[in-house]
Structures are given as C-alpha cells and as structure tokens.
Amino acid sequence: MTRAAAGENCYDVVIVGAGVSGCAIARELSRYHMSACVLEAEEDVCCGTSKANSAIVHAGFDAATGTLMARLNVEGSNLMGTLCEELSVDYERIGSLVVCTDEAERDGLEALLARGRANGVTDLRIVERDELRALEPNVSEAAVAALWAPTGAIVNPFQLTLALAETAAVNGVEFRFLSPVSGVTRVPDGLWELATAAGPVHARVVVNAAGVHADELHNLVCAPDDRLEVAPRRGQYHVLDVTAGAHVRHTVFALPTRLGKGVLVTPTTGGNLLVGPTAEDIDDKLGVDTTADGLAEVVHKAALTVRGVPFSERIRTFAGLRAHQPGHDFVIGEVPGAPGFVDCAAIESPGLSVAPAIGRMVAGIVCELLGGPAEKDGLLPRPGPVPDVARLGPEEWSALVAQRPAYGRVVCRCRTVTEGQVEDAIRRPLGARSLDGVKRRVEAGMGRCQGGFCSPRVAQILARELGVDLRTVTLAGPGSELAAGRVKDAWAAAAGEVAR
Ligand SMILES: Cc1cc2nc3c(=O)[nH]c(=O)nc-3n(C[C@H](O)[C@H](O)[C@H](O)COP(=O)(O)OP(=O)(O)OC[C@H]3O[C@@H](n4cnc5c(N)ncnc54)[C@H](O)[C@@H]3O)c2cc1C
C-alpha cells in the first residue's frame, strides 16, 4: 500500500517512540518498499531512556539463560561493532570485569561464568587477584577475583540512536516529533487509528516502542487478562570530567544483586568516567530527578569495587528510567487479539546492547504481517558524520577551516566544538532544534562547564539557522524556552507600573 493510495495520514507501519528501539526498527524497515512513520512525543530522537543509561554493550552473561533477553543480548553484542563501524558511531570493545570482593561470593562469580557460557558469550573466564590488578590497577584492595568478558564494550548512545534514525529518514521513513499518541483504536479496513494532537494517523501495523509508556498503549488494545505493567526503575549517576576518564580501563561491575547489575564504574567513549546507577522502583514515569541519597549511595557502592574514584571531578549528575516488568524479560510480538499491533515493550537493560537485534526481529515480524514487502536494492547511506575537530591534527583542521571558516570559530571551549559543527548538527537530516539536540549531536555543552559558556552562542546559531526569534529557542522543546523576554521590556513594563 502506498501512502498516496491510502491517504496522507495512512501508513503501512507506524512506530510509536524514537528511542534506540524504535529507530533500530525504523532503519531495518527502511530496507523495504513500504510507507513508514515514527511518532515521537518529544521534540527529537533519543529523549527517553536511550539518552540516560550506562552506555555499555553488555557481553550477555547477566540475563537468565533461555530468556529472550539473553538471546537478543548476545546477538546484539555480536552485531554492535560492525553496525557502529558502518554508521561511524563511537564504539570501543574495552571489555568488562565483574569484581568479587569476598571469597564467600565466589560461587556467584562461578554461576555468572556458567550462565554466560550457556548464553553463548565467548572468551569468558575468571581472573585471579594478580591478573585482575594488572588489568585494572585501581580495583579495590578487597577484590579477590573477577569475571573477565573481553567482548563487553562501550558505545555512544546518542550517536547510535541518531545514526539509526538518520539512516531510516534518508531511506524514506517519516519522523513526526511533538506527536504523543493518546489513543489507539481498531477501525474498518484492517487499520489502526492512532490519536494525535494533529489528528488521527492510520496504520496497517503499529509498533509500540514507547519505553516506560509502552504498557499504556498495550493496555488500550489487549484482552482484559493480558494487561502489561511497566514500572519505572530509576538509576542515578555521577559523570566525571575527562580528567578522570582513565581512572579505570574497563567497565567494572560489582556482582549483580536481585535489583540489577549494581553500581559500575566505566570510561565513556567521550573520555569521561561514569559512575552509577542506583536501582529504585518509583511510581513516577517522568521521575528522572536525582536525589542526595541516591547519589551518596552510588559513591558508597563504587568504593566497594574501585578505589579512589575522584568524585571531585564530577561535572554532572543524571537519572534514567528502566522499563521494568515483573517477568523481567522483553515483551516483543503481536499482541494476542490485536492483529497488527506489535509490542516492543519492557525493553529494560540491556536494551541498548540489543538494539541491532531488536531492529531485525521486529522488522521481521512487521514484514510478515505486511505479507512480505519487496526489498530495496540496499540502504542509502546517511550523510557522513559531522567532523570532530577536537580529534583532528592541526593540518587537518586547517584544511577544514580553509573549506569553511566556521570550522575555525570555537563555540564550546571545553569540548572544542566549532560554529561549523553546530551548523552541521542543525542542517543534518532530522537536525537539532534545541540546545540539547545540538549537545547530543556534537557535544557542545557536554564538557566541564556544562554549557555555561557556549549555551548563549549555540542559541544564537540555532535562532539564525532555524530563522526564529532567539526568545523561542529552547533547551529541550516547548516549555523550556531559554529567555522569558527582553530585560529592557521588563524594565519598561516595571517603569510603567510605577508611573501608574
Ligand atoms: C539506569 C539505566 C542504565 C542502563 N544501562 C544500560 C546499558 O549500559 N546498556 C544497555 O544495553 N542498556 C542499558 N539500559 C537500558 C537501555 O537504556 C534501554 O533499554 C533502551 O534505551 C530503551 O530504548 P527504547 O527505545 O525502548 O525506549 P526509550 O529510549 O525510552 O524511547 C521510548 C520513546 O517513546 C516515546 N514515547 C513514549 N510514549 C509515547 C507516546 N504515547 N507517543 C509517542 N511517543 C511516545 C518517548 O518519548 C521516548 O522517546 C539502561 C537503562 C537505565 C535506565
């Protein structure tokens, strides 16, 4: 079915949610001749849990053997390196260590090793105290052994989600932002009708990739005895400056507990040190605030596995929400009794790691439901990545400046990001529309001063590029405007009040 034949607001498939899951699915579906649209509540790609996590590509030893989570984790981990290379996404296979600090816990380590092997993770082994110290000099004095997983990796989650989305967009998938889906009903002709503020959108197949809100959409279409419960499980973090990034060489986990993988200490692909997360069951699906208690807990727990974490180098804290369901497994597939409504729900950790596998799996389900659409000749590549001047040598940078002088005007001093890069972030397919959008794409504002110096300049560039009034530029979409008005106008109004 083409869009023209079916009407402007009718698609073969609509994906709800532009997180890493929705974007991975969109990219896979863009390989086929079909009309597809992504409806996203927020103003940009990667605004939900996909922007607030540990950014680890888990090797796959953690999930219970035989679960969908375990299978997709190993598959995703195996696919991730090649995918990131293809998409020019920062990815480093640095390996991970699960540290045991008490001989009495060694059974837990052995169990993890056995589970990892049963899940199909390769090259796993236990390293003893001396080898562990050589691998990770700052490991806790109390460490007695660790599970070494060389296939563990780190990835840039913003770049990954954006690259998947951009590729999908370049290959014909439409993205509509600020489009929360508020209702789902079955209508004649085998279609689903999705209610949005801009009017109804129709689809033959709906993919529910709505993160912590996926249960709400599922429960609109399911049988009464098939309701889904997705509860937000919050994780809080400290981000340390790049000066602390080399404190550990690998991702260092504590042995997992009933509540999750425990606090980890890891370098990021951007060179920072990330320490967290907590695991708190909360009620609020918007509850991404941090708390003094949560952050203190992270400091305390980090010291159990890594010594001397330099928290004085902290530049930011944040929290993300895991989409936890009681069965602790992903819920992927057509909802019974709701033909053409496909869940990609309860994608909690390791949801980032599994994204390549989820993309393939859900696209397969959708294609089958659509009767096997014809495949295109291949995917058109997205435009090349924005040049990263901070990683260029002086000669390469000069050559770039000669091409476009804007690459010579540094806007963000902490991360060395230039006006040219900010312009590129805005001009790309699905380009940035807010300060945070620019930050996710080119890291302006991600450094030590956290945008203190560059935000006004980035806002000016946004206003100029988008052709809007500076006062309408936002941090992260409507309601987060940077300016309330002109100071002179406020003074004039106040003076008028006084005169009256
Ligand atoms: C603390 C923490 C640490 C983690 N660490 C890791 C890790 O190291 N490695 C790993 O592999 N995984 C990790 N994860 C898990 C991983 O981040 C998630 O599984 C993954 O990002 C989920 O992606 P998603 O696309 O399913 O959901 P999201 O990224 O949340 O995207 C869902 C999107 O749907 C949109 N949406 C919701 N409702 C509607 C609606 N009604 N209409 C339109 N749009 C809607 C939202 O705005 C959002 O953009 C972690 C998660 C947390 C919270």
Side-chain angles (χ1 to χ4, degrees), residues 14-26 37-60 62-63 69 72-73 76-77 80 96 152-155 157-158 160-161 164-165 175-184 194-197 201 206-218 220 230 232-237 251 253 260-261 263-264 266 268 274 276-280 285-286 288 294 298 318-324 330-332 343-359 362 477:
V14 167
I15 299 164
V16 184
V20 73
S21 306
C23 294
I25 297 162
C37 174
V38 177
L39 296 175
E40 167 54 51
E42 300 292 335
E43 52 107 23
D44 195 1
V45 167
C46 199
C47 287
T49 302
S50 300
K51 74 167 181 181
N53 51 62
S54 308
I56 308 298
V57 182
H58 292 285
D62 195 61
M69 192 182 269
L72 293 182
N73 189 164
S77 162
M80 190 66 90
S96 66
I154 53 177
V155 68
F158 319 114
L160 176 63
T161 310
L164 293 166
F175 281 74
R176 297 193 194 179
F177 296 108
L178 299 174
S179 300
V181 172
S182 53
V184 186
L194 305 177
T196 76
V201 176
V206 174
V207 176
N208 171 18
V212 285
H213 298 282
D215 56 339
E216 295 156 33
L217 296 183
H218 170 102
L220 291 174
V230 172
R233 179 170 281 180
R234 181 169 59 189
Q236 304 188 38
Y237 292 88
T251 300
F253 296 104
K261 300 183 187 76
V263 162
L264 61 87
T266 187
T268 69
L274 190 61
T278 54
E280 311 154 60
K285 288 185 174 179
L286 303 174
V288 288
V298 170
F318 70 89
L321 301 178
R322 303 170 184 87
H324 178 68
F330 302 145
V331 176
I332 297 178
D343 274 337
C344 177
I347 310 300
E348 60 181 307
S349 189
L352 185 64
S353 318
V354 302
I358 278 189
V362 178

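Both ligands and their constituent atoms are indexed starting at 1 by order of listing.
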Are any side-chain N or O atoms of [X] and backbone N or O atoms of [Y], one a donor and one an acceptor, separated by less than 3.5 Å?
X: Thr278; Y: Gln236; result: yes
X: Asn53; Y: Ser349; result: no
X: Ser50; Y: Cys46; result: no
X: Glu40; Y: Ala18; result: yes
X: Ser179; Y: Leu39; result: no
X: Arg233; Y: Arg322; result: no

side-chain contact (heavy atoms from CB on, under 4.5 Å) evaluation trace for Ile347 with Ile332: CA-CA 9 Å; Ile347 310 300; Ile332 297 178; 4.3 Å; yes

Worked check of side-chain contact (heavy atoms from CB on, under 4.5 Å) between Leu217 and Val206: CA-CA 10 Å; Leu217 296 183; Val206 174; over 6 Å; no

Phe253 side chain reached by Asp62 side chain, heavy atoms, under 4.5 Å: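 They are not in side-chain contact.
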
Side chain to side chain, Pro277 and Phe318, heavy atoms closer than 4.5 Å: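 Not in contact.
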
Criterion side-chain contact (heavy atoms from CB on, under 4.5 Å) on Leu160 and Met80, from CA distance to verdict: CA-CA 10 Å; Leu160 176 63; Met80 190 66 90; 3.9 Å; yes

Under 4.0 Å from a heavy atom of [X]: give me the atoms of ligand 1 that qualify, with their elements.
X: Glu348; answer: 15 (C), 19 (O)
X: Gly235; answer: 1 (C)
X: His213; answer: 37 (C), 38 (N)
X: Gly48; answer: 29 (O), 30 (O), 49 (O)
X: Gly211; answer: 27 (O), 30 (O), 32 (C)
X: Ile56; answer: 7 (C), 8 (O), 9 (N), 10 (C), 11 (O)
X: Leu321; answer: 53 (C)
X: Ser353; answer: 9 (N), 10 (C), 11 (O)

[options]: member with heavy atom nearest to [atom]:
atom: atom 51 (C) of ligand 1; options: Thr278, Thr49, Leu217; result: Thr49
atom: atom 43 (C) of ligand 1; options: Gly152, Ala41, Ser21, Ser182; result: Ala41
atom: atom 49 (O) of ligand 1; options: Arg322, Glu40, Arg233, Glu42; result: Glu40
atom: atom 4 (C) of ligand 1; options: Asn53, Leu194, Val181; result: Asn53
atom: atom 23 (O) of ligand 1; options: Ala355, Ser50, Gly276; result: Ser50

From CA spacing to verdict: side-chain contact (heavy atoms from CB on, under 4.5 Å), Ile358, Ile25: CA-CA 7 Å; Ile358 278 189; Ile25 297 162; 4.2 Å; yes

Minimum heavy-atom distance Leu321-Lys285, with the two atoms named: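 That closest heavy-atom pairing would be CD1-O, 3.2 Å.
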
For the student: nearest non-hydrogen atoms of Cys23 and Val45, plus distance: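 Between these two residues, the closest heavy atoms are SG-CG1, 3.9 Å.
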
Shortest protein heavy-atom distance from [atom], along with the residue and atom involved:
atom: atom 16 (C) of ligand 1; answer: Leu352 N, 3.7 Å
atom: atom 39 (C) of ligand 1; answer: Ala210 CB, 4.0 Å
atom: atom 2 (C) of ligand 1; answer: Tyr237 OH, 3.5 Å
atom: atom 5 (N) of ligand 1; answer: Ser54 N, 3.1 Å
atom: atom 34 (O) of ligand 1; answer: Gly17 CA, 3.2 Å
atom: atom 31 (O) of ligand 1; answer: Gly19 CA, 3.4 Å
atom: atom 18 (C) of ligand 1; answer: Ile347 O, 3.5 Å
atom: atom 13 (C) of ligand 1; answer: Ser349 OG, 3.3 Å

Lys/Arg-Asp/Glu bridge criterion (N-O < 4.0 Å) met for Asp44, Lys51: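 Salt bridge: no.
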
Positive for side chain to side chain contact (heavy atoms under 4.5 Å, CB included) with Arg176, one of Thr196, Val201, Val38: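 With Arg176 as partner, Thr196, Val201, Val38 yield a single side chain to side chain contact (heavy atoms under 4.5 Å, CB included), made by Val201.
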
Heteroatom distance test (Val20, ligand 1): nitrogen or oxygen, under 3.5 angstrom: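 N/O-N/O distance under 3.5 Å: yes.
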
Polar contact flag for Pro350 and ligand 1 (N/O pairs, less than 3.5 Å):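 Yes: some nitrogen or oxygen of Pro350 is under 3.5 Å from one in ligand 1.
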
Any Ser179 heavy atom less than 4.0 Å from ligand 1: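 Yes, Ser179 has a heavy atom closer than 4.0 Å to ligand 1.
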
Given that the side chain starts at C-beta and the backbone is N, CA, C, O, which of these parts of [X] lies under 4.0 Å from ligand 1, counting heavy atoms, or is it both or neither?
X: His58; result: side chain
X: Leu39; result: backbone
X: Val16; result: side chain
X: Val212; result: neither
X: Ala209; result: backbone

Polar side chain donor-acceptor pair, Thr251 to Thr266, under 3.5 angstrom: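 There is such a pair (donor and acceptor under 3.5 Å, judged by atom type) between the side chains of Thr251 and Thr266.
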
